[in-house]
Every structure is written in structure tokens, then in C-alpha cells.
Amino acid sequence: MEKERKYKLISQNRKARHDYFVEETFQAGIELFGMEVKSLRAGRCNLVDSHIEFKDNEAFVVNMHISHYDHATVERDKKDPTRRRRLLLHRRQINRLIGAVTRDGYTCVPLKIYFSGPFVKVDIALAKGKKMYDKRHDIAKRDARRETEKEFKIRNL
């Protein structure tokens with residue numbers, strides 16, 4: 001019997017689901033320093049406007065903002081909040097992502113960051129950008145679903 005994966009959500013990138021069609025998701029570890037982990041435990045992270053870059057067959061998350069830890073006493077422990085952080089993926093996964101990004105017009109964006117046991121994990125998505133009419137279509141579909149739920153609720157009272 002497979003154990004359920006328990007995790008503690010730190011931050012979510014809701015804008016990514018609004019701006020992109022998510023085709024496939026991957027779970028990746030992330031390389032952090034000690035004070036960054038403490039800051040994440042306090043929930044001080046922002047994924048908006050962050051994306052994944054590939055360089056020298058390695059994946060990096062760019063523009064993910066992890067705030068400074070308030071109780072850090074040593075100045076060297078205070079790293080740049082938006083520095084590039086290396087993602088820990090298997091070689092086959094990296095090659096697949098690089099191929100999709102370069103050939104097929106996909107992009108990689110982080111969806112959420114969370115603790116899985118003692119480890120910090122990032123869910124990244126292989127995604128395709130939405131056009132403005134796709135976003136309007138999604139909004140109209142969501143509004144229609146809300147209206148039907150509202151009517152169903154009123155009818156069943």
C-alpha cells in the first residue's frame with residue numbers, strides 16, 4: 001500500500017495557472033542555504049514572476065523571492081533574495097524539459113513550493129502560454145459554473 005504524501009505548503013503561484021496551459025508537472029528539490037530554509041519555514045516566499053532557466057544542462061529557478069531571515073545575526077548568511085537557485089532533477093528530466101522548451105515552444109514555471117518531510121520541494125510545470133481570448137474563455141466558464149452552483153444551492157434549500 002502506497003503511503004500518502006504529506007506536505008506543508010509554503011507558497012503557490014496562482015498566476016501561472018491563469019497565464020499558462022499546464023501540460024505536465026515535475027517535482028524537484030532545490031538547493032538552499034540554512035537561513036533560506038528558516039525563512040521558508042516562516043512562510044516568507046513569493047513565486048510570482050519566477051521562471052525556470054537552463055544553463056550547462058542544469059535547471060535554475062530565477063526571480064523566486066525568499067525574504068531575509070529576521071533573526072540571522074551574521075551578515076554573510078543574508079543572501080540575495082532573488083538569486084538563482086539550482087533545481088535538483090534527474091538528467092533525463094532535465095533533457096526532456098530542455099528539448100520541450102527549445103523545440104516545441106513550451107516554458108517552465110514553478111507552481112508551488114512546499115516541505116515534504118524535512119526537504120523543500122518545488123513543483124514545476126511544462127506549460128504553454130495562453131492568449132488573451134483563452135483567459136477570457138476560462139473566466140466565462142468559471143462564472144457560468146459559479147452561477148449554476150448558486151442556482152442549485154438555492155433550489156435545494
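Being a predicted model, the structure only gives us computed values, none of them experimental.
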Quiz prompt | Worked check of side-chain contact (heavy atoms from CB on, under 4.5 Å) between C108 and F54 | solution = CA-CA 10 Å; C108 286; F54 300 98; 3.9 Å; yes
Self-check item: Residues which pass side chain to side chain donor-acceptor pair (under 3.5 Å) with D19, listed by chain and number, not counting sequence neighbours
Solution: K135
Exercise. Please round to the nearest 0.5 Å and tell me the distance separating atom CZ of F119 and atom CD of Q27.
Key: 11.0 Å
Self-check item: Heavy-atom pair with the smallest gap, counting every atom of I10 and L40
Solution: CG2-O, 3.7 Å
Quiz item: Can you tell me how far the CD atom of Q12 sits from the CG atom of L111, to the nearest 0.5 Å?
Solution: 8.5 Å
Self-check item: Under the side-chain contact (heavy atoms from CB on, under 4.5 Å) test, residues paired with R83 that sit two or more places apart
Solution: F33, E36, K79, D80, R85
Exercise. Identify, with sequence neighbours excluded, every residue that meets side-chain contact (heavy atoms from CB on, under 4.5 Å) alongside K131.
Key: Y133, D134
Self-check item: K8: side chain to side chain donor-acceptor pair (under 3.5 Å) partners, not counting sequence neighbours
Solution: none
Exercise. Drop me the distance from D49's CG to T82's OG1, to the nearest 0.5 angstrom.
Key: 11.5 Å
Which side-chain N or O atoms in residues 139-149 pair as donor and acceptor under 3.5 Å with protein atoms at least two apart or in another chain?
residue : atom : partner : partner atom : Å
T148    : OG1  : A144    : O            : 3.4
T148    : OG1  : R145    : O            : 2.8

Exercise. Report the residue from V61, V109, N13 that forms a side-chain contact (heavy atoms from CB on, under 4.5 Å) with L47.
Key: N13
Quiz prompt | S67 backbone acceptor or donor facing S39 side chain under 3.5 Å | solution = yes
Quiz item: Does one hydrophobic cluster hold both V122 and L32, with members joined at side-chain heavy-atom distances below 4.5 Å?
Solution: yes
Quiz item: How would you list, by chain and number, every residue that makes a salt bridge (Lys or Arg N to Asp or Glu O under 4.0 Å) with K38, sequence neighbours excluded?
Solution: none
Exercise. Dump the intermediate steps for side-chain contact (heavy atoms from CB on, under 4.5 Å) on F115 and V37, then the final yes or no.
Key: CA-CA 10 Å; F115 282 105; V37 176; 4.3 Å; yes
Exercise. In sequence, state the C-alpha distance, the side-chain angles, and the governing distance for D123 and K121, and then conclude on side-chain contact (heavy atoms from CB on, under 4.5 Å).
Key: CA-CA 7 Å; D123 275 357; K121 301 288 185 178; 5.6 Å; no
Exercise. Please name all residues satisfying salt bridge (Lys or Arg N to Asp or Glu O under 4.0 Å) with R84, sequence neighbours left out, ordered by chain then number.
Key: E53
Quiz prompt | Heavy-atom neighbours of F21 CZ exceed 12 at 6.0 Å | solution = yes
Practice problem: Please collect all salt bridge (charged side-chain N to carboxylate O under 4.0 Å, His left out) contacts where either partner lies in residues 54-67, sequence neighbours excluded, each pair once. | Solution: E58-R86
Quiz prompt | R41: partners by side chain to side chain donor-acceptor pair (under 3.5 Å), with sequence neighbours left out | solution = none
Practice problem: Specify the closest pair of heavy atoms between P110 and A16, including all atoms of both residues, with the distance to one decimal. | Solution: O-CB, 4.4 Å
Quiz item: How far apart are the C-alpha atoms of V120 and I113, what are their side-chain angles, what is the distance that settles it, and do they pass the side-chain contact (heavy atoms from CB on, under 4.5 Å) test?
Solution: CA-CA 7 Å; V120 178; I113 185 167; 3.8 Å; yes
Quiz item: To the nearest 0.5 Å, what is the distance between OG (S11) and CE (M64)?
Solution: 9.0 Å
Quiz item: To the nearest 0.5 Å, how far apart are NZ in K130 and CG in D138?
Solution: 3.5 Å
Exercise. Specify the closest pair of heavy atoms between A127 and V22, including all atoms of both residues, with the distance to one decimal.
Key: CB-CA, 4.3 Å
Quiz item: Regarding K112 and Y7, is there a side-chain donor-to-acceptor distance under 3.5 Å anywhere?
Solution: yes
List the atom pairs, donor and acceptor, that lie under 3.5 Å between side-chain atoms in residues 88-106 and the rest of the protein, sequence neighbours left out.
residue : atom : partner : partner atom : Å
R91     : NH1  : N57     : O            : 2.7
Q93     : OE1  : H90     : N            : 3.3
N95     : ND2  : R91     : O            : 3.4
R96     : NH1  : E24     : OE1          : 2.8
R96     : NH1  : E24     : OE2          : 2.7
R96     : NH2  : E24     : OE1          : 2.9
T102    : OG1  : I98     : O            : 2.9
T102    : OG1  : G99     : O            : 3.3

